[in-house]
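Quick caveat: nothing in here was measured; it's all calculated off a predicted structure.
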Amino acid sequence: MILANAFCLFFFLGTGADPVVSAKSNHCLDAAKACNLNDNCKKLRSSYISICNREISSTERCNRRKCHKALRQFFDRVPSEYTYRMLFCSCQDQACAERRRQTILPSCSYEDKEKPNCLELRTLCRIDHLCRSRLADFHANCRASYRTLTSCPSDNYQACLGAYAGLIGFDMTPNYVDSNPTGIVVSPWCNCRGSGNQEEECEKFLRDFTENPCLRNAIQAFGNGTDVNMSPKGPSFPATQIPRVEKTPSLPDDLSDSTSLGTSVITTCTSIQEQGLKVNNSKELSMCFTELTTNISPGSKKVIKLDSDSSRARLSAALMVFPVLMLTLAL
């Protein structure tokens, strides 16, 4: 019996599993194991763990600046299939949720001796151009939208999760506020005490994290594996587009850029015939005649390629305008 217990303990220590939660599925532990099987993920994860756990002195737990830099490198350089699994894994018990909360080693990268005011933290973020850009990205992609099924803009969970992960490694770094396995609440390390007459603005800013249905739904959907079809497969386009006023002929595949008969000449001259325009602008017709005669004159060194029916048709259409041009110029 003693040998059996010793063997079990050795197994848990060897695999890095927690004996308390081994009987249940621990998705966060599975995500960490998957990262260790990928060389790039394992290398960068080991790097930020080492840096963020390195105590500098009795008063400084770690070098927070270097810890943040290592975290940014991890989330920027490792594919989201590994980082998201560690950051947004679903949990059914507190031990799993605590592992999820510890993903970014909050004692160094997140927590501090005192919580600053959220508006002060936002000001610091806006001073840094990269942090400012990431924060704007978060507000754009995670803002609560009550016109969509998921409460996310364009029902795009992936954009919100990416914006959230992009904030990690800055002073605005968000994280889970506790080890509640199902009640997901995330926030930067700040509060609204001392906001004065800006308290309402501060509370609103903080609620963008703590009471954000888009962010909460995106995290839960990823952890439950229900976000597969919630992200658009292609780029979104505006519902309305500017109508095309005039159809401009395009170069055929066999008409190279070196061809002397340019599209500007074809467009100008053939539009007279195709659209039935009245011949009353002698200056324009003269210009068209000059361009045509210059480009197709026997002495021209350039060659017009007529390998396709499209090219022949275009040239024929242009040449048919000649009698009209000559008659107009004569008048």
Side-chain angles (χ1 to χ4, degrees), residues 28 31-32 35 41 44-56 60-78 80 82-89 97-143 159-180 184-193 202 205-212 214-216 218-219 222:
C28 295
C35 177
C41 185
L44 291 175
R45 180 170 178 253
S46 299
S47 176
Y48 84 74
I49 288 177
S50 174
I51 294 173
C52 297
N53 275 328
R54 191 177 302 157
E55 185 175 345
I56 298 178
E60 291 185 82
R61 292 175 295 187
C62 65
N63 188 323
R64 194 175 190 183
R65 183 182 61 82
K66 289 185 177 180
C67 176
H68 278 171
K69 182 178 179 181
L71 276 170
R72 290 198 301 271
Q73 290 178 342
F74 176 74
F75 284 100
D76 289 344
R77 298 179 183 179
V78 177
S80 60
Y82 297 106
T83 59
Y84 285 16
R85 285 184 63 186
M86 296 175 59
L87 197 59
F88 307 122
C89 44
E98 178 60 21
R99 176 181 283 273
R100 179 175 62 189
R101 195 183 74 86
Q102 291 290 337
T103 297
I104 64 170
L105 298 175
S107 60
C108 181
S109 69
Y110 178 67
E111 300 167 359
D112 208 342
K113 296 177 182 178
E114 295 182 359
K115 285 188 176 183
N117 181 274
C118 292
L119 295 182
E120 294 177 359
L121 198 64
R122 185 181 67 176
T123 300
L124 289 175
C125 179
R126 287 177 173 177
I127 293 175
D128 182 275
H129 73 281
L130 185 55
C131 183
R132 180 175 65 248
S133 174
R134 299 288 178 91
L135 183 60
D137 189 43
F138 172 81
H139 285 303
N141 292 297
C142 293
R143 70 181 187 277
C160 181
L161 295 180
Y164 175 92
L167 284 173
I168 296 176
F170 296 93
D171 290 329
M172 192 58 69
T173 296
N175 195 27
Y176 301 92
V177 298
D178 54 34
S179 299
N180 189 326
I184 296 176
V185 179
V186 297
S187 172
W189 183 259
C190 65
N191 56 41
C192 289
R193 286 196 295 268
C202 181
F205 174 78
L206 188 57
R207 285 196 299 270
D208 287 342
F209 293 90
T210 60
E211 301 177 19
N212 189 326
C214 168
L215 179 59
R216 183 175 62 251
I219 293 175
F222 183 88

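For the pair Tyr176/Ile219, a side-chain contact is recorded, criterion being any heavy-atom separation below 4.5 Å from C-beta on. Using a 4.5 Å heavy-atom threshold, the side chains of Arg216 and Asn212 count as separate. At least one side-chain heavy atom of Phe209 sits less than 4.5 Å from a side-chain heavy atom of Leu167. For the pair Cys62 and Cys52, the minimum side-chain heavy-atom distance is 4.5 Å or more. Side-chain contact between Leu206 and Pro188 is present, with heavy atoms from C-beta onward closer than 4.5 Å. Leu105 is not listed as a side-chain neighbour of Cys67, based on a closest heavy-atom distance of 4.5 Å or more.
Remark: side-chain polar atoms of Asn175 are not paired, donor with acceptor, to backbone N or O of Pro106 under 3.5 angstrom. Counting only distance, with no hydrogens or angles, the side chain of Asn117 and the backbone of Arg193 share a donor-acceptor pair below 3.5 Å. With hydrogens and angles disregarded, a donor-acceptor distance shorter than 3.5 Å links the side chain of Thr123 to the backbone of Leu119. Judged by distance alone, with hydrogens and angles left aside, the side-chain atoms of Asp137 form no donor-acceptor pair with the main-chain N or O of Ser133 at under 3.5 Å. Put simply, the side chain of Arg100 gets close to the backbone of Cys89: a donor and an acceptor are under 3.5 Å apart.
Here the CZ-SG distance, from Arg85 to Cys28, works out to 10.0 Å after rounding to the nearest 0.5 Å. The CD1 atom of Ile104 lies 12.5 Å from the CD1 atom of Ile49; values are rounded to the nearest 0.5 Å. The structure places OH of Tyr164 at 8.5 Å from CZ of Phe75, a figure rounded to the nearest 0.5 Å. Distance check, rounded to the nearest 0.5 Å: SG of Cys41 to CZ of Arg77 gives 13.5 Å. Between Asn63 atom CG and Ile56 atom CD1 the span is 4.5 Å, to the nearest 0.5 Å. Residue Leu135 holds its CG atom at 9.0 Å from CG of Asp208, rounded to the nearest 0.5 Å.
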* **Full working for disulfide bond (SG atoms under 2.5 Å apart) between Cys118 and Cys190** => CA-CA 5 Å; Cys118 292; Cys190 65; 2.1 Å; yes

* Test disulfide bond (SG atoms under 2.5 Å apart) on Cys214 and Cys160 and set out the steps. => CA-CA 8 Å; Cys214 168; Cys160 181; 3.8 Å; no

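Within the structure, every pair that satisfies the side-chain hydrogen bond (donor to acceptor under 3.5 Å, both in side chains) test and touches residues 46-56, not counting sequence neighbours, is listed here: Ser50-Arg54.
Between Gly162 and Tyr84, the shortest heavy-atom distance links the atoms CA-OH, 3.0 Å. Between His68 and Thr173, the shortest heavy-atom distance links the atoms NE2-OG1, 4.0 Å. What you find for Ile168 and Leu87 is that their closest heavy atoms are CD1-CD2, 3.5 Å. Between Arg99 and Ala32, the shortest heavy-atom distance links the atoms NH1-CB, 4.3 Å. Between Arg143 and Ala140, the shortest heavy-atom distance links the atoms NH1-O, 2.5 Å. The shortest heavy-atom contact between Cys125 and Met172 is CB-CE, 4.0 Å.
Environment of NZ in Lys66: sparse, with no more than 12 heavy atoms of neighbouring residues, nucleotides or ligands closer than 6.0 Å.
For Asp112, the salt bridge (Lys or Arg N to Asp or Glu O under 4.0 Å) partners are Arg64, not counting sequence neighbours. In terms of the salt bridge (Lys or Arg N to Asp or Glu O under 4.0 Å) criterion, residue partners of Asp76 (sequence neighbours excluded) are, by chain and number, Arg134.
The aromatic rings of Trp189 and Tyr110 sit perpendicular, their planes meeting at an angle over 60°, well past the 30° parallel limit.
By the 6.0 Å and 45° rule, Arg45 does not stack over the aromatic ring of Phe74.
A salt bridge links Glu111 with Arg101: the closest approach of a Lys/Arg side-chain nitrogen to an acidic carboxylate oxygen falls below 4.0 angstrom.
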